[in-house]
Structures are given as structure tokens and as C-alpha cells.
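Everything quoted here is computed from the prediction, not taken from an experiment. Numbers restart at 1 for each chain; the letters A, B, ... are given by sequence-line order, proteins then strands.
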Amino acid sequence: MLDIKAIRQNPEAVAQALEKRGFTLDVDAFEQLDARRKQADIDSQNLLAERKRASKQVGQLIGQGMSVDDAKAQVNETLEKIASRIDTLTEEAKQVQAQLEDMLLGIPNIPDEDVPQGSTEADNREVARWGEPGTFDFPVKDHVALGEAIGQLDSDVAAKITGSRFTVMYGELARLHRALIQFMLDIHTREHGYREIYVPYIVNQDSLRGTGQLPKFEEDLFKLRADNDYYLIPTAEVPVTNVARDRIFDDGELGEEGVRFACHTPCFRSEAGSYGKDTRGMIRQHQFEKVELVQLVRPSDSTAALERLTGHAEVILQRLELPYRKVILCGGDIGFSARKTYDLEVWLPGQDTYREISSCSNFGDYQARRMQARWRNPATGKPELLHTLNGSGLAVGRTLVAILENYQQADGTIRIPAALHPYMGDVTHLGG
RNA sequence: GGUGAGGUGGCCGAGUGGUCGAAGGCGCACGCCUGGAAAGUGUGUAUACGGCAACGUAUCGAGGGUUCAAAUCCCUCCCUCACCGCCA
């Protein structure tokens with residue numbers, strides 16, 4: 001959520017900044033609604049003040065021994081009338097307030113200055129490249145062909161059990177998948193200063209509103225068929241970031257560089273609106289595993305924190321010796337709540353292209369304001385909004401895909417990257 | 001699922017209809033005291049919105065109701081704790 005004061009102060013500037021992401025802010029509608037809100041507030045507050053004054057007088061007179069009826073009569077015989085007007089006025093004030101709130105919740109974050117202009121993926125700007133895509137002296141296969149050939153990947157049985165966009169893995173491939181999770185968590189907790197955290201995979205609406213999935217993107221979520229408005233998490237970002245909801249952190253709790261959580265969870269996405277896209281293989285699934293990095297930092301530190309966090313995700317790709325590039329998302333491609341996002345794209349020989357494997361974002365105070373995540377600034381003594389960040393470190397399913405495709409051998413087996421050997425016992429090849 | 005007890009400020013905890021945004025304590029800040037510290041002592045110490053300000057309004061788990069007036073009474077829901085049942 002944006003700071004309503006900032007919008008009031010300079011609505012045109014906010015609107016212009018939002019143009020970059022193709023969002024049109026209706027300044028007139030905002031200003032009208034805001035003016036109505038203010039008037040409704042003033043009107044209802046005046047009446048409430050009047051009632052409070054009168055009620056206090058009644059109380060005093062009764063205290064002096066007057067009968068209740070006489071006291072009421074003496075103070076103001078129209079008190080009852082005021083009561084009914086209060087009802088309608090406060091009701092109206094509440095409604096206008098809610099309308100304004102809804103409008104605010106629907107406005108995306110303002111993109112950072114670094115965010116390039118552009119409307120689609122094609123306008124993202126590449127900022128770095130690591131590693132060289134390997135060359136193969138045999139026809140490369142994609143991960144589906146590779147996994148099926150060794151009898152360890154099966155989407156047909158998954159389709160029988162559930163439906164499309166699910167996967168079943170067997171044997172060493174399933175083990176490799178599990179090994180990746182351990183590997184990633186170990187690196188982040190041992191080398192990058194993250195605290196491991198285990199969280200619910202089912203969350204309530206307040207949490208989803210806090211991180212920005214609700215109210216606007218409900219169609220992307222799986223909602224549970226129960227009467228309590230629960231949803232499956234689309235990413236660990238939701239439960240982990242909401243640890244800070246309605247909390248005020250002491251400065252000391254933030255340490256040198258903020259609070260860092262690393263979390264493995266499954267993620268569930270409806271993928272509504274992506275029919276026909278990435279239908280083959282494990283690239284786009286309703287259920288996938290991810291190791292997520294979440295940081296809660298002091299506002300002055302979030303710009304640097306995004307660089308650090310992205311670096312932490314990059315380390316995983318580097319240790320696995322997977323070629324990748326780093327892009328900064330353009331205004332049209334950046335997520336609703338993000339101020340600035342780096343995508344890491346891994347090289348996939350089977351698709352002959354780079355594909356997203358991690359998305360690292362700085363949300364500024366946007367999520368923090370929605371969820372009232374604060375810290376007590378020692379300089380002011382006041383609670384102030386934190387800044388939140390998160391990034392995949394990494395998407396596990398896609399990492400598995402990348403390993404299959406990049407480490408495939410002429411004989412159809414798949415070599416296991418050295419970094420994973422400690423997690424795979426004596427297994428050095430899949431399908432060997 | 002059943003029964004019972006609870007949800008109050010950064011924390012603990014009092015408050016069962018009226019000058020209560022809320023006693024007291026802890027913590028924290030500043031001062032006094034001290035050679036310095038501890039102890040002691042004094043003062044201050046929630047958030048949001050509106051207002052230049054004085055100040056006003058709201059907030060005692062959430063929502064609704066009763067009343068001139070609700071932290072306090074009534075209803076619904078959520079959560080926590082204890083015991084019982086069931087269960088991985």
C-alpha cells in the first residue's frame with residue numbers, strides 16, 4: 001500500500017510514476033473520495049464529541065443525586081435524535097473509509113528509478129551473465145525426455161492421480177530433488193546468515209492482504225473449500241513475511257543487516273490465465289518446491305539488501321555451475337507489490353534459452369504498511385515501517401530441470417554436480 | 001469435538017456502566033542523589049486520523065446489539081490456556 005499522504009501531497013507525480021508500470025491512477029476519483037472521507041470524518045466526529053460532552057454532564061448530575069431522567073432532560077432533550085444521526089453519519093464515514101481503503105489496496109507499488117521503461121518481458125534489461133552455456137556434440141534432449149528415458153519422471157501418472165501440471169518423480173531423481181532443498185538451505189543458513197523457519201502452508205486472508213496477493217489476485221490462488229477463508233500458499237513469502245505483521249521490532253532484534261529467514265515450502269498456484277503456456281514438463285506446475293529468502297530491514301538499508309539477497313541466490317547457481325543471467329525487470333513486468341526486481345534466468349539447453357529460476361524483490365515499505373510491520377527507530381523513538389524483501393533461493397523444480405538439461409550426457413545419463421555429492425551418497429549419475 | 005478459565009498499553013497487571021486512554025508495577029528516557037555506579041528518588045513514556053496549534057475523535061481480541069453513556073451488560077465469531085475425548 002502506498003502512503004496516502006504521499007498521494008495527497010503530489011497525486012500527479014504518483015500517477016506519473018505509476019505510468020511506468022502501465023497503471024493509470026484516477027487522480028480525480030482519488031481526490032473526490034479523499035475529500036468525501038474527510039468531510040464524513042469531520043461530521044461524525046463533531047457529533048461524537050457533542051454526545052460525549054452531554055453524556056459526561058449527565059453522569060455528573062447523576063453523581064450529584066439527580067434522577068437519571070431529570071439529568072437527561074436538563075442536559076439536552078434531543079440526545080436521542082443525535083444518537084440516530086450519529087448512527088447514519090458514522091456508518092457513512094465507515095463506508096467512505098472502506099472505499100478509500102479498497103482503492104488504495106488496488107494501487108501497485110511505485111517502481112524504483114532503476115526500473116527500465118517497457119511493457120513486456122522483452123524490455124527487461126540484462127545486467128550480468130555468469131557461466132558459458134555448454135556445448136553438446138550430440139542432440140540435446142529436454143528434461144522431460146531425459147527424465148522419462150531413465151524411468152524416473154512421470155507426468156502421466158500424476159495426471160491420473162490429480163490432473164495436468166503435476167509431476168511424479170521416482171528413485172534417484174526424487175532424491176536429487178530432496179538433496180537440492182537441503183543443499184540450498186544449508187548454504188543460506190551456514191554461509192549467508194539466514195535463520196531457518198518452518199511455517200504453515202495454509203494462510204488466512206489477512207496474511208495474503210499483507211503481502212499483496214489479495215484482494216487483487218485471488219484467481220491465482222487455491223482457496224480451500226471450508227468456511228474459514230483459508231488459502232494454500234503460492235509462495236513462502238506469504239507466511240514468512242507475515243511473521244512481522246502487527247509487530248514492532250526492537251532495533252536490537254534487527255541485528256546488523258536486518259532479520260533473515262530461509263524457508264523451504266511447497267508452493268501452490270492455480271496458473272489461471274496461463275493455459276497452453278509451458279504445458280510440457282516441470283516448468284509451470286500447480287505444485288512445486290521453493291527455498292525462499294525473506295528479509296526485514298531498516299529502510300535505509302533495503303537498496304543494499306536487495307543486492308546482497310540477489311547475490312545469495314546467485315551463489316546457489318554458481319555452486320551448481322549452472323550458467324545464468326541476471327535481468328532487471330521493466331515497469332511492465334515487475335510484480336504488483338515490488339519496487340525493484342532482479343530475475344535470475346538459468347540456461348536451459350532443452351529450450352535453448354534462459355528461463356526464470358529466481359525472482360528477488362525489494363518491496364520498500366509497501367508490504368510493511370499493509371501489514372503494519374514496524375521497528376522502533378532509536379533515532380526517533382517512534383515505531384516506523386520496515387522494508388521487506390524476498391527472493392527465491394531457488395525454485396527447486398526448475399533447478400532440477402536445469403541440472404537435467406545442463407548435465408546430460410551422450411548416453412542419456414545425467415551427471416550430478418559436485419556440490420551435491422555430499423547429499424547423494426555414492427550416486428554420481430542419474431540413470432547410470 | 002466437550003467442559004472450564006481467559007484475551008486490557010513495549011511487557012506484566014488492576015479495572016463489572018458515567019470526569020477511564022485506562023490505577024499500579026516492569027522496562028525505557030531525562031533529572032536529582034553519588035567520586036563513579038547500584039540502590040533510592042522526581043518527571044516523562046501507546047497508535048491512527050483531523051487541526052498551525054490548543055485540542056478533538058477513534059482504538060481495552062473481531063464484529064454486531066442494549067444505553068444519554070460500554071474496557072465494563074447481551075449476542076456471534078476468532079484466538080490462548082487447562083482438563084477430557086479423538087488422532088499423526
_Candidates Glu289(A), Met282(A), Glu356(A), His143(A) - the one meeting side-chain contact (heavy atoms from CB on, under 4.5 Å) with Arg398(A)_ = Glu356(A)
Check nucleotides 59-66 of chain B for protein N or O atoms closer than 3.5 Å to its own N or O atoms and list the pairs.
residue: rG64(B); atom: OP1; partner: Lys94(A); partner atom: NZ; Å: 3.4

Using a cutoff of under 3.5 Å, can you pull out all pairs of nitrogen or oxygen atoms linking the protein to nucleotides 49-53 of chain B, with atom names and distances?
residue: rG50(B); atom: OP1; partner: Arg8(A); partner atom: NH1; Å: 2.9
residue: rG50(B); atom: O3'; partner: Lys38(A); partner atom: NZ; Å: 3.4
residue: rG51(B); atom: OP1; partner: Lys38(A); partner atom: NZ; Å: 2.4

*Phosphate oxygens OP1/OP2 of rA58(B): is one of them under 4.0 Å from a side-chain N or O of Lys52(A)?*
yes
*Between rG65(B) and rC55(B) - C1' atom distance, rounded Å*: 32 Å
*rA22(B) versus rC74(B) - spacing of their P atoms, nearest Å*: 25 Å
*Taking atom C1' of rA69(B) as reference, at what distance in whole Å does atom CG of Leu47(A) sit?*
15 Å
*asked:* I want to check something: taking the side chain as every heavy atom from C-beta on, are Asp206(A) and Arg209(A) in contact at a cut-off of under 4.5 Å?
replied: yes
*asked:* Using whole Å, what does the distance between atom P of nucleotide rU47(B) and atom CD of Gln372(A) come to?
replied: 12 Å
*Grab the CD-P distance between Glu50(A) and rU57(B) for me, whole Å please.*
11 Å
*Separation between the P atoms of rU67(B) and rC77(B), rounded to whole Å*: 23 Å
*asked:* As an exercise, state the distance from CG of Leu293(A) to CG of Asn390(A), rounded to the nearest 0.5 Å.
replied: 8.5 Å
*Is Glu101(A) paired with Lys94(A) through a side-chain N to carboxylate O contact shorter than 4.0 Å?*
no
*Spacing between Asp246(A) atom CG and rG9(B) atom C1', to the nearest angstrom*: 15 Å
*Secondary structure string for RNA chain B (Watson-Crick or G-U under 3.5 angstrom, | for other-strand pairs)*: ((((((((.[[[..)..(.....]]]((((((.......))))))(((((....))))).[[[[[..)....]]]]])))))))....
*What integer number of Å spans the C1' atoms of rU41(B) and rU34(B)?*
13 Å
*Under the criterion side-chain hydrogen bond (donor to acceptor under 3.5 Å, both in side chains), which of Asp114(A), Asn362(A), Asp112(A), Asn109(A) is the partner of Lys340(A)?*
Asp114(A)
*Report the distance from atom CD1 of Ile62(A) to atom P of rA70(B), rounded to the nearest whole Å.*
13 Å
*Mind checking what makes side chain to side chain donor-acceptor pair (under 3.5 Å) contact with Glu292(A), not counting sequence neighbours?*
Lys290(A)
*Please name all residues satisfying salt bridge (charged side-chain N to carboxylate O under 4.0 Å, His left out) with Glu253(A), sequence neighbours left out, ordered by chain then number.*
Arg247(A)
*Taking atom P in both rG21(B) and rA29(B), what distance in whole Å separates the two?*
30 Å
*Name the residue closer to the 5' end of RNA chain B, choosing between Ile248(A) and Ser44(A) according to the nucleotide with the nearest heavy atom.*
Ile248(A)
*Gln205(A): side chain to side chain donor-acceptor pair (under 3.5 Å) partners, not counting sequence neighbours*: Tyr231(A)
Going by atom type alone, with no hydrogens or angles, which donor-acceptor pairs under 3.5 Å involve a side-chain atom of residues 175-186 of chain A and a protein atom two or more places apart or on another chain?
residue: Asp186(A); atom: OD2; partner: Tyr423(A); partner atom: OH; Å: 2.7

*Would you please name every residue forming a side chain to side chain contact (heavy atoms under 4.5 Å, CB included) with Pro422(A), sequence neighbours left out?*
none
*When you compare rG18(B) with rC86(B), how far apart are their P atoms, in angstrom units rounded to a whole number?*
48 Å
*Can you say whether the rings of His192(A) and His188(A) are parallel (under 30°), tilted (30 to 60°) or perpendicular (over 60°)?*
tilted
Collect all protein-nucleotide pairs involving nucleotides 78-81 of chain B in which both atoms are nitrogen or oxygen and the distance is under 3.5 Å.
none

*Scan residues 266-281 of chain A for pairs that pass salt bridge (charged side-chain N to carboxylate O under 4.0 Å, His left out), counting only residues two or more places apart or in two chains.*
Asp142(A)-Arg280(A), Glu271(A)-Arg284(A), Asp278(A)-Arg284(A), Asp278(A)-Arg355(A)
*Whole-Å gap separating P (rC28(B)) and CZ (Arg376(A))*: 13 Å
*Validate the cation-pi geometry between Arg415(A) and Tyr407(A): distance from NZ or CZ to the six-membered ring centre under 6.0 Å, angle to the ring axis within 45°.*
no
*With Arg21(A), which residues qualify under salt bridge (charged side-chain N to carboxylate O under 4.0 Å, His left out), at least two apart?*
none
*Give the rounded distance in Å between these two atoms: CG of Leu89(A) and P of rA58(B).*
14 Å
*Taking for each residue the nucleotide of RNA chain B bearing the nearest heavy atom, is the 5' side occupied by Asn46(A) or by Lys56(A)?*
Lys56(A)
*Return no unless some side-chain N or O of Arg51(A) is found under 4.0 Å from OP1 or OP2 of rA69(B).*
yes
*Rounded to whole angstrom, note down the C1' distance from rG9(B) over to rA48(B).*
15 Å
*Tell me, please, which residues at least two apart from Ser44(A) pass side chain to side chain contact (heavy atoms under 4.5 Å, CB included).*
Leu89(A), Thr90(A), Ala93(A)
*Whole-Å distance between rG10(B) C1' and Asp251(A) CG?*
14 Å
*For rA71(B) and rG13(B), measure between their C1' atoms and round to the nearest Å.*
14 Å
